[in-house]
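Here the structure comes first, spelled out in structure tokens, and everything after it is commentary.
First listed ligand is number 1; within each ligand, the first listed atom is number 1. These values consider heavy atoms only, across backbone and side chains, with no hydrogens, waters or symmetry-generated copies.
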Amino acid sequence: MEIFHISAECYPVAKVGGLADVVGALPKYQKTAGHDLRVVVPCYDTKFRNENEFECVHWGTVKLGNFNFPFSVLKESSNKLGYELYLIEINELFNRPNVYGYEDDIERFLSFQIAVLDWILARNQIPDVINCHDHHTGLIPFLLQFAFKYKNLQHVKTVITIHNGLYQGWFGFDKLYYLPEFDLRHVGFLEWNNCINSLAVGVKCANAVTTVSPSYLNEINYAANGLESLFNSVRKKSRGILNGIDIEVWNPLHDHMISENYSIENFEFGKQKNKEKLCGQFDLDPSKPLFSFIGRLFEEKGGDLLPQASAQALSEHFGNINILILGSGNSEIESKLTQLRNDYKGNYNVFIGYNEELAHLIYAGSDYILMPSRVEPCGLNQMYAMRYGTIPIVRRTGGLRDTVIDFGDNGNGVCHDQASAADICYSINRAVKLYEDKVSFNTVLKRGMAADHSWERVCQEYIEIYNLIIQQNEI
Ligand code: GLC
């Protein structure tokens, strides 16, 4: 089966969040399962682009209303990622350091989608399935079916995978003329709340919709930033598939980014060494439990609760716990977190920014990872943490609910229900007690380390859906 994954992010080419990790890994495992895999992402000005060899396999011009953007399709020459990687080079729109956050993001991702389809049309092979990811690729299922110029691709099956339903890629109908000409009888597919809503378009037009965890699929029926009723109406063609993690990249036994390698057999020694290194680097006390947070500092991730929760927990357990935060995002949250440094010197620190290498060391050297998310479609950090013997403390939502069970129920983590500083502190108190009981602590930790979150298990579920839609069966 020939499968295309089309996405705005792919690790290690360009990463903002978990979307990149999934698009970087899932195709590798689908390829190993015997399929023909191609991943297509925009060509940003990133390290990966500049340090690898590419060959140009196609070029053309994207027409966006009155604008014309020349583009090239670059294929990574060595297939080093385990599948064929293609970058869509549209210099005027993508030769910039960041993935998102520009005023012309709508024009950028529309051009990307059109360029991808122009190229696929020009190839002499028709793919079996195109798996789109998030709103940046949401118009593809519509364009394939209804744009006149893609008539030859009309029967290609499409899946849209929702990694985050909060972001939807809205734009006004004044930009309708950007789209390639299509059969106007179908214009209704584009509309949601008087706007063109890219995510809604993908959900309406794709042959199947997947979310990145089963619980998130349930949640978007009542909380999806205005798309609740739409998700309800497409329930029949929807499936929640829990993400896997790339257990080759995330393996404490072979990870070059940590200071001491270890496995479930010798984790006590290994984790202690990493903790000492990490605590040395951030002026923390390695003899006390270390609670860490890694992620984007936004409300969605509960980032706004961290300053208050940290201050409260550090005061209650004065000198007896450490908190370390790695992340960036909302500047108000960033500055509140930075200020706390003055009050809890020696037990608290923060690194504003993102650093992949440091993230690995934090997973290896921490005792607990905090994930107080308001919304978490899947969440990968709790799975990385467990693989590194770090116990997750989570709010029960989305994929966190599906992967973490409270230690009180013989589980692998610490759970609470409310997105509040009080609930986080309550969990931290329970975690401190658990830490003092080494036997129980290690039992919980080992349950996490032993769990199988690999893609091998999961990638078959995607293939099953592809097969069903190809045979035109209901999923
Ligand atoms: C998004 C979601 C996160 C999920 C990731 C990968 O970043 O917020 O929960 O794990 O996508 O699917």
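- At a heavy-atom cutoff of 4.0 Å, ligand 1 is contacted by the side chain of Lys301 but not by its backbone.
- Taking CD1 of Ile323 as the start and CG of Asn349 as the end, the distance is 11.5 Å to the nearest 0.5 Å.
- Taking a 4.0 Å cut-off on heavy atoms, Gly399 fails to register as neighbouring ligand 1.
- The closest side-chain heavy-atom distance from Tyr167 to Asn225 is not below 4.5 Å.
- In Gln471, the CD atom is crowded: over 12 heavy atoms of neighbouring residues, nucleotides or ligands sit closer than 6.0 Å.
- Atom numbering of ligand 1 starts at 1 in the shown order; those under 4.0 Å from a heavy atom of Gly18 are 5 (C), 6 (C), 7 (O).
- Closest to atom 3 (C) of ligand 1 among all protein heavy atoms lies Glu376 OE2, 3.4 Å.
- Taking a cut-off of under 4.0 Å to the non-hydrogen atoms of Gly379, the atoms of ligand 1 that pass are 3 (C), 4 (C), 9 (O), 10 (O).
- Of the candidates Phe267, Phe407, Tyr435, Tyr435 is the only one forming a ring pair (Phe, Tyr, Trp, His ring centres under 6.0 Å) with Phe441.
- For ligand 1, the atoms closer than 4.0 angstrom to any heavy atom of Val22 are 6 (C), 12 (O).
- Ring planes of Phe112 and Phe94: perpendicular class, angle over 60° (limits at 30 and 60°).
- Residue contact check for ligand 1: Gly17 places no non-hydrogen atom closer than 4.0 Å to it.
- Remark: Arg387 fails to qualify as a cation-pi partner of Tyr363 under the 6.0 Å distance and 45° angle criteria applied to the six-membered ring.
- Contacts of Asn243 with ligand 1, taken as heavy-atom pairs under 4.0 Å, involve the side chain alone.
- Within the listing of ligand 1, atoms 12 (O) sit less than 4.0 angstrom from a heavy atom of Val212.
- The cationic atom of Lys15 (NZ for Lys, CZ for Arg) lies less than 6.0 Å from the six-membered ring centre of Tyr11 and within 45° of the ring axis.
- Among Arg296, Met383, His163, the residue whose heavy atom lies closest to atom 12 (O) of ligand 1 is His163.
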